[in-house]
Amino acid sequence: MIASHLPVLVILIPLLGAVLAALSRHGFAAWLIALLASAAMAAASLALLFRVQAEGMISYRIGGWAPELGIEYRIDAFNVLIVVLVSVVALLTMIYARRSVLAEIIPERIAWFYTMMLLCVAGLLGIAVTGDAFNAFVFLEISSLATYTLIALGRDRRALVAAYQYLIVGTIGATLYVIGVGLIYLSTGTLNLGLIAERLAGIEGSRALIVAEAFIAVGICLKLALFPLHAWLPNAYAYAPSSAAVLLASTATKVAIYLLARFLFTVFGGHVDVGALPIGAILIVLSVAAMFIASAAAVFQNDVKRILAFSSVGQVGYITLGLALANPTGLAGGLLHLVNHALMKGAAFMAIGAIVLRAGTAKLDELSGIGRTMPWTSAALTVAGLGLIGVPGTSGFVSKYYLILGALEAGFGWLAILIVASSVIAVLYVGRIVEVVWFREPAEAARASREAPLELLLPMWVLAGATIWFGIDAEWPAGLAAAAARQLLGGAP
Amino acid sequence: MIAHFSQIATIFLMVAGLYVVMARGNMVKKLIGLSLFQSSVYLLYLLPGKVIGGTAPIIGAGFTVYANPLPHVLILTAIVVGIATLALGLTLVVRIKEAYGTIEEDEIIAKETPKTRNGPGRGGDAA
Amino acid sequence: MTETFGPLSPALVLILAGLVLPLLRGWLRDGLFLIAPVLALVLVWALPLGPGLVVDWLGLQLVPLAPDRMARIFGTAFGLAAITGALYGVSQSQVTEKAAALVYAGAAQGIAFAGDLVTLFIFWEILAIGSTLVIWSNGHWRAGLRYALIHVLGGVLLFAGIAAEISATGSVGLQAIRADNFGRWLMLAGILVNAGAPPLAAWVADAYPKASWSGTVFLSAFTTKAAVLVLIRLFPGEPALLWFGLAMAVYGLAYALLENDIRKLLSYSIVGQVGFMLVAIGIGSPLALAAAALHAFAHILYKSLLMMAAGAILRSTGETRLSALGGLARAMPLTTVALVIGAFSLSAVPLTAGFVSKSAIMAALAEGRAAFFWFALTSISAGSFLYVGLKLPWFAMFRPGERREIAEPVWSMKAAMVLLCGTILAIGCVPSALEALVPEIADVAILTPDHVLFQLQLLIAASCIFVVLLPLLRPRAGTTLDVDWLWRELPRKVVAMWAPLSAPIGGAIAAGCEPLRVYWTGFSRRAVDNLSGASNWRTGKIAFWATALLATYVLIAAL
Amino acid sequence: MDHTRRLVLIVLLAVLALLVAADFFVEHHASFWIDGTPGFAAWFSLASAALAVLVAYGWGLLMRRRGERADD
């Protein structure tokens with residue numbers, strides 16, 4: 001009985017958890033609720049994964065209404081991947097959060113913090129499972145509003161400005177998206193993604209649809225921080241509380257990318273002609289710019305969180321590049337990088353959060369020799385860094401390898417070279433961190449700190465371990481990504 | 001012109017709102033612009049839903065033409081979202097005023113950017 | 001059968017042990033340091049010969065573990081070197097060096113057992129990292145950096161070659177090829193850099209003596225010999241190797257004869273001996289390849305022994321310069337015996353391992369009718385005895401010198417040396433025991449009367465020359481210029497020469513370029529500022545970009 | 001040439017002579033033509049060892065520099 005309601009349960013559990021956490025008013029109780037809710041949510045999403053693998057696509061009607069009138073949740077090989085990713089990372093973040101939140105947030109606000117975390121996760125999962133364009137907007141706003149609050153809970157006063165800036169930019173993005181959806185609704189008379197795709201087939205060369213596609217693409221690109229629309233991201237990630245930064249860095253942009261892929265392929269996919277819009281070409285140019293310019297900016301940062309944040313902008317470039325290539329290999333590489341980047345960036349943000357907890361700073365020049373006193377944390381940071389470079393043996397290599405193959409398949413030899421060349425910039429910023437952390441004499445901050453507690457190390461190393469594991473045993477994630485890519489490109493799942 | 005009045009009003013609100021967001025440094029004014037921008041969306045959805053001569057979609061004798069109820073429902077949700085955003089934005093502005101003593105974005109950026117300009121590697125953590 | 005061992009390869013055991021080592025303390029650390037190489041050697045022999053397990057990784061058919069006879073020969077040699085090296089170095093206090101040494105030894109095993117180009121390349125890079133860390137752990141940053149850069153160059157060449165090979169043939173297998181196209185030349189060049197071939201041979205004598213007394217023992221065993229193994233696998237019978245090998249042999253001889261520092265001398269001699277192996281690989285017959293492998297085997301043993309003796313001298317006296325040593329024989333009898341046995345083995349004195357392997361190389365050259373190389377290498381062989389068998393023991397140990405208060409090294413170092421002496425002599429006395437490992441040498445005349453007589457004449461005659469020309473061979477402090485002058489001295493010279501000229505010329509140029517410079521400074525500062533403060537945008541600017549992007553899309557759509 | 005060195009040289013030359021003499025009584029397996037002749041190894045080694053020393057000495061005169069390298 002419950003099994004048939006799984007698609008809606010993954011959203012209801014965190015929503016309900018959020019309400020309970022808000023009512024509890026007590027920090028520890030809220031944490032416990034959040035942890036339990038996340039565990040239940042992760043279990044539900046894994047069950048969903050197995051069901052999708054066994055039965056194929058699942059369609060769930062909210063309240064039993066037919067898709068034409070009601071809202072349909074639709075789970076296929078692609079978004080189940082996102083659901084599992086978000087819920088598992090959320091669970092790990094909750095385990096991680098307790099100690100780090102105690103140190104970073106004043107006690108009265110802790111319950112609110114967990115409420116916002118759960119709301120944010122609920123929103124993100126909602127975007128992933130829904131098959132309704134306007135419903136996706138609502139969930140987008142739920143997660144965004146929660147995110148603005150999470151960022152504003154940061155210790156630094158700059159967190160407020162970052163949250164404000166993100167609020168403005170995020171709202172513009174969501175509004176552009178909803179304008180696009182409105183135009184589509186005017187043309188097709190439905191908000192169901194599947195039905196839109198069907199009805200678009202019958203419409204030839206409508207200018208409203210082209211404009212709709214442009215609005216939706218730009219709106220989502222703002223949310224996923226595509227260069228040059230990325231400028232809200234570094235400050236937001238750098239000044240948010242550590243555990244919020246973990247959640248945001250590894251899931252928020254990824255879900256936005258999912259939404260973009262959903263629209264580009266499932267909705268407009270059959271109608272590249274109707275689109276007539278060189279979204280692919282522009283996306284390639286912007287992705288390459290992100291890979292180089294954002295990574296270069298990362299090299300010049302002093303705050304490790306900002307280095308990682310800029311690197312996120314760069315890495316998003318690789319993912320959107322995979323989308324833009326739009327061939328099975330390239331798309332699989334992009335999706336694989338989406339998952340891999342979530343894992344390694346999560347590990348990296350957890351590591352720097354642990355360092356902030358112990359050493360009280362994330363400034364690179366104050367972290368000399370922290371590897372001596374916090375070897376496990378620093379090792380996790382290093383593993384994640386190697387993954388960002390794409391060193392063989394880490395998952396980052398596998399996804400970049402597929403991207404290069406995809407570029408070659410599309411006949412863009414120069415693009416393959418650019419992918420490799422941009423990795424060199426990652427070597428620079430990761431190398432800076434590694435050099436300071438391991439090869440310098442311990443500075444004051446390093447001498448005063450000791451290894452992070454186990455409840456921080458454990459989730460951190462689950463993610464870092466996954467980075468290595470997926471780098472060596474590449475078959476399973478690559479298979480899932482390939483299946484998702486085939487699904488998106490319209491083949492059999 | 002009159003026939004397209006609703007579209008023109010929508011586009012005017014949209015552009016005006018976006019312009020205010022871009023051009024004004026005052027954070028409250030920015031939020032006002034943002035609200036205008038969002039309002040344009042309400043119009044975009046609602047105006048085509050109005051059918052001339054149509055009534056509320058309640059089945060009853062003598063009424064055959066109904067207005068489309070769905071846009072209204074959608075926009076009800078969007079309005080809620082808009083209010084929540086505006087409220088949160090204003091809250092943030094209050095907090096920013098407490099922390100910085102100003103709500104002009106230029107002044108805040110100036111406060112967070114170090115004055116000295118002496119080469120690379122510094123100032124990277126200024127907001 | 002290989003499946004039963006799963007991923008358990010000698011390489012993995014050593015590398016994992018190396019990674020775990022820094023986390024352990026006290027006797028646990030020492031125990032692991034000693035046990036891991038033994039375990040690796042046991043695995044080398046426990047792995048059944050066979051084609052190995054094919055792993056499909058990203059569409060490439062990888063064979064990470066392909067135990068064949070060649071792998072077993074080199075695996076055994078690497079294993080013995082690691083065991084004795086660990087025993088020798090167990091009293092070393094630098095844990096970084098120990099950990100790096102295990103990783104380094106593991107990478108060498110990985111290369112020995114690699115069944116495809118990709119695996120090979122990965123271990124090739126680990127090898128470079130491990131060896132660089134061994135050098136760095138002794139505090140020689142600049143020398144380590146030079147070493148690392150040379151190996152990065154070699155790695156890049158090899159990588160480019162492998163990439164070209166894969167794209168040309170679609171196969172990642174290790175098969176015998178000729179350097180007949182550009183990609184394969186790149187591959188050959190990359191391997192030759194690691195083998196210590198000219199023109200970049202200078203790195204060997206530059207880097208190896210920079211490691212600690214124990215680190216050099218490891219360094220001398222693995223990198224060059226791993227390159228020899230890869231050459232045997234990939235380029236057997238490649239004619240170019242004949243000339244590279246000969247050049248290395250001549251270079252090694254001349255520089256070793258001139259050298260004053262013991263460990264540098266031994267490093268030059270590595271290049272010379274690897275030259276012998278390269279010539280044999282260039283012949284390419286089954287006997288020649290077996291002989292090259294065997295020579296590598298013997299060379300690993302006796303060069304480790306020689307480096308151990310040198311390390312013992314360094315540790316006891318703090319000195320490795322011949323001109324500052326002498327008269328150590330009485331105070332360090334065991335070290336002296338070890339030095340002499342190692343030196344005699346290198347000079348192929350009968351009843352040592354070196355005699356067996358060099359006989360095999362000469363027999364292979366004779367069989368291949370390579371008269372020129374046979375006579376050339378015989379002559380170089382006679383010369384080798386001069387520097388290693390005579391000059392080294394005489395000036396370091398036997399010549400009358402001042403009495404000093406020095407003692408033999410600790411027991412573990414002595415035990416390692418005794419172990420190696422025993423192995424070398426055992427192989428020398430019973431060469432037929434090696435036929436299980438290398439059956440090709442069954443027909444080679446080794447301990448036959450005419451051959452032994454031939455070798456003894458060679459050695460005694462060289463000794464006569466040594467006595468006659470002793471004044472010319474007296475070690476002098478100083479350095480011999482090498483190709484590395486180009487990157488170590490030339491830049492400084494150029495800068496020094498430039499200094500007096502730079503004021504007027506530079507002034508003129510600066511005046512001419514002033515506007516450009518001002519512009520560039522401004523530009524670069526702006527660029528750096530933009531990058532470092534890249535996210536401190538005004539909200540309006542982000543909104544503007546979004547609108548601009550939207551406008552671009554809509555405009556394009558409208559057209 | 002001092003006394004000891006001369007004595008050593010004489011002993012060595014005597015041993016060498018004995019070895020060459022013995023070489024006349026063993027069966028040779030020549031690889032090429034000249035290397036099978038008795039005493040070949042002796043004179044060939046004398047010549048090549050002397051050549052090696054001289055070549056190295058000459059190279060040393062050209063390329064040997066005093067002192068350690070600055071960055072060693």
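Every chain is numbered from 1 and lettered A, B, ... according to where its sequence line falls, protein lines coming before strand lines. As the structure is a computational prediction, the values presented were derived from the model and not from experiment. When reading the values below, keep in mind they use all heavy atoms of this one structure, side chains included, and skip hydrogens, waters and symmetry mates.
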*Side chain to side chain, C:Thr539 and A:Tyr166, heavy atoms closer than 4.5 Å*: no

_A:Ile172 side chain reached by C:Thr547 side chain, heavy atoms, under 4.5 Å_ = no

*Determine whether more than 12 heavy atoms belonging to other residues, nucleotides or ligands lie under 6.0 Å from atom CZ of C:Phe159.*
no

*Please indicate whether A:Trp469 has more than 12 foreign heavy atoms, meaning atoms of other residues, nucleotides or ligands, lying under 6.0 Å from its CH2.*
no

*Working to the nearest 0.5 Å, report the span between CG of A:Leu226 and CG of C:Leu549.*
7.5 Å

*Please round to the nearest 0.5 Å and tell me the distance separating atom CD1 of C:Ile542 and atom CG of A:Leu229.*
9.0 Å

Of the backbone (N, CA, C, O) and the side chain (C-beta and beyond), which part of [X] lies under 4.5 Å from a heavy atom of chain C, both, or neither?
| X | answer |
| --- | --- |
| A:Phe397 | side chain |
| A:Phe215 | both |
| A:Leu286 | side chain |

_Atom of C:Arg538, atom of A:Gln165 and distance for their closest heavy-atom approach_ = C-NE2, 3.6 Å

*C:Trp545 and A:Val218: side chain to side chain contact (heavy atoms under 4.5 Å, CB included), yes or no, with the steps?*
CA-CA 10 Å; C:Trp545 273 104; A:Val218 174; over 6 Å; no

*asked:* Counting heavy-atom pairs under 4.5 Å with chain C, which one of A:Val313, A:Ile472, A:Leu405 comes out on top?
replied: A:Ile472

*Of all of C:Ala543, C:Ala548, C:Ala546, C:Pro22, which one pairs up most often with chain A through heavy atoms under 4.5 Å apart?*
C:Ala546

